[in-house]
Visitor: 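Pasting a structure here, questions to come.
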Amino acid sequence: MDNFPGVSPASTPLSENHQFAQPVVPELVGNDFDSRMMLRCVELARIALGYTSPNPLVGAVVVQNGEIVGEGFHPRAGEPHAEVFALRAAGERAHSSTIYVSLEPCNHYGRTPPCSEGLINAGVSKVVVGMVDPNPLVAGSGIARLRAAGIEVVVGVEEAACRRLNEGFIHRILYQRPLGILKYAMTLDGKIATTAGHSSWVTNQDARTEVYQLRGACDAVIVGGNTVRKDNPYLTSHQVAAHNPLRVVMSRSLNLPEQACLWDTQEAPTLVVTEVGSSQAFQKMLRSKGVEVLEFSSLTPEIVMGYLYERGFCSVLWECGGILAASAIAQGAVQKIMAFIAPKIIGGDHAPTPVGDLGLTSMTEALPLERVTWRIVGNDCLVEGYLPSKLK
Ligand SMILES: Nc1nc(O)c(N)c(N[C@@H]2O[C@H](COP(=O)(O)O)[C@@H](O)[C@H]2O)n1
Ligand SMILES: [Zn+2]
């Protein structure tokens, strides 16, 4: 099992969960201070990027007289919640304190007892919450329980940052599927490779490093057989992030190379999903290398996403070619687009493009992205946006 940088696995010692204490900032009061503390919660939560599914990323900070006296984050499902680590780190100083937490404290017995009770028992006087927990087992009941116990509760501080942090978890809870992110890199004339299929590299190192970080934050990354045959990718986070996603290959035929970087499972696990009836000999060869192989009666993006949901995943990165990308979009397996655009022209009548045929013939049918943002990454531009909600 892989570890957090500087943090030991499974039973993370509390002292180490607490090792991120910040200096006192007495001059900051009111909303600025609340914002700073909540952003610190988000920062703490992000230490566990890639490790917490099906649970959310959560950070917590205990403040006494303007001083941080305890910090914590949720390291992984089955371990205590962020509030517990922060309260334990604060010890006696949790009494009459204000606790900041990026997600509403839970109010149910799951793998762990309710944090609402822990906060009441610790004697905190105020709880500042980033966002309400969309989990129907919580959904406002944690806030109500704290208020009923006479604790002041403020909700919605840095809510946008808290929601962004957990967009995969939120999507999983609301739609019973992982959030699907389609990432591609294309030239300014919309090509992901040359006519000959060569694609190394469309974007510069900075953009590729950002993709490695993205992989580290996702639970799985999916490609089709064509990408394995043409690019022979690793699909790891290349040590830029501590976590590696499950690498998933979708192939009906198992017409795949005997030798491929993805069959080396030392660094990261690989799952090949195929259809009933594909070569048993090839499946045996893959299994002998430590590759997991699963057969489905019908192999579609929707079925694979349903399976990955059951496996507990919150976010899945599609790094496939245009044909599979179009099929994933059409089946509602993609909600978010991340397009890296390199300022170069390659041309080519038959050079591949990021999204294949969607069956749309009029420009009025084009799928308009929502909540679009863009930024420069090194020499390239990253455009991000969300497919219209009706596709979700
Ligand atoms: N507020 C809060 N802090 C954390 O650190 C959390 N992990 C959660 N998670 C919520 O509780 C559910 C998981 O409970 P168990 O870990 O199984 O006990 C999760 O679905 C969230 O709703 N909340
Ligand atoms: Zn909890």
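What you see is a predicted model; the values in this text were computed from it and never measured. Below, all heavy atoms of this structure are taken into account, side chains as well, without hydrogens, waters or symmetry copies. Indexing begins at 1, ligand by ligand and atom by atom, following the structure's order.
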Visitor: Between Arg88 and Glu83 (salt bridge meaning N to carboxylate O under 4.0 Å), is one present in this structure?
Guide: no

Visitor: Distance under 4.0 Å to a non-hydrogen atom of Glu104: what atoms of ligand 1 satisfy this?
Guide: 1 (N), 2 (C)

Visitor: Which residue holds the protein heavy atom closest to atom 2 (C) of ligand 1, what is that atom called, and what is the gap in Å?
Guide: Glu83 OE2, 3.4 Å

Visitor: Does Cys115 have a heavy atom less than 4.0 Å from any atom of ligand 1?
Guide: no

Visitor: When you draw lines from the Zn ion (ligand 2) to ND1 of His81 and to SG of Cys115, what angle lies between them, to the nearest 10°?
Guide: 120°

Visitor: Crowded around Lys230 NZ? As in, over 12 foreign heavy atoms under 6.0 Å?
Guide: no

Visitor: Thinking salt bridges, do Glu167 and Arg371 make one under a 4.0 Å N-O criterion?
Guide: no

Visitor: Looking at ligand 1, is there an atom of it that comes within less than 4.0 Å of some heavy atom belonging to Pro105?
Guide: yes

Visitor: For atom 20 (O) of ligand 1, which protein heavy atom lies nearest, and how many Å away is it?
Guide: Asn135 ND2, 3.0 Å

Visitor: Give a yes or no on whether a salt bridge exists between Arg147 and Glu152, defined as a side-chain N under 4.0 angstrom from a carboxylate O.
Guide: no

Visitor: In terms of atom number and element, which parts of ligand 1 are under 4.0 angstrom from non-hydrogen atoms of Ala82?
Guide: 4 (C), 5 (O)

Visitor: For atom 16 (O) of ligand 1, what is the closest protein heavy atom, and at what distance to 0.1 Å?
Guide: His81 NE2, 2.7 Å

Visitor: What do you reckon, is CD of Gln259 surrounded by more than 12 foreign heavy atoms closer than 6.0 Å?
Guide: no

Visitor: In terms of atom number and element, which parts of ligand 1 are under 4.0 angstrom from non-hydrogen atoms of Arg111?
Guide: 15 (P), 16 (O), 17 (O), 18 (O)

Visitor: For Ile345, does the CD1 atom sit with more than 12 other heavy atoms under 6.0 Å from it, leaving out its own atoms?
Guide: yes

Visitor: Determine the interplanar angle of the Phe73 and Phe85 rings, folded into 0 to 90°, and report it as parallel if under 30°, tilted if 30 to 60°, perpendicular if over 60°.
Guide: parallel

Visitor: How about Tyr234: does its OH atom have over 12 heavy atoms from other parts shown lying under 6.0 Å from it?
Guide: no

Visitor: Can you tell me which residue and heavy atom of the protein come closest to atom 13 (C) of ligand 1, and the distance to 0.1 Å?
Guide: Asn55 OD1, 3.3 Å

Visitor: As an exercise, identify every atom of ligand 1 less than 4.0 angstrom from a heavy atom of His108.
Guide: 11 (O), 12 (C), 14 (O)

Visitor: Strictly below 4.0 Å, N to O, side chains only: are Arg46 and Glu43 in salt-bridge contact?
Guide: no

Visitor: State if Phe169 counts as touching ligand 1 under the rule of any non-hydrogen atom under 4.0 Å.
Guide: yes

Visitor: Starting from atom 23 (N) of ligand 1, locate the nearest protein heavy atom and write down its residue, its atom name and how far away it is, to 0.1 Å.
Guide: Leu103 CD2, 3.7 Å

Visitor: Could you find the nearest protein heavy atom to atom 10 (C) of ligand 1 and give me its residue, atom name and distance?
Guide: Asp133 OD2, 3.6 Å

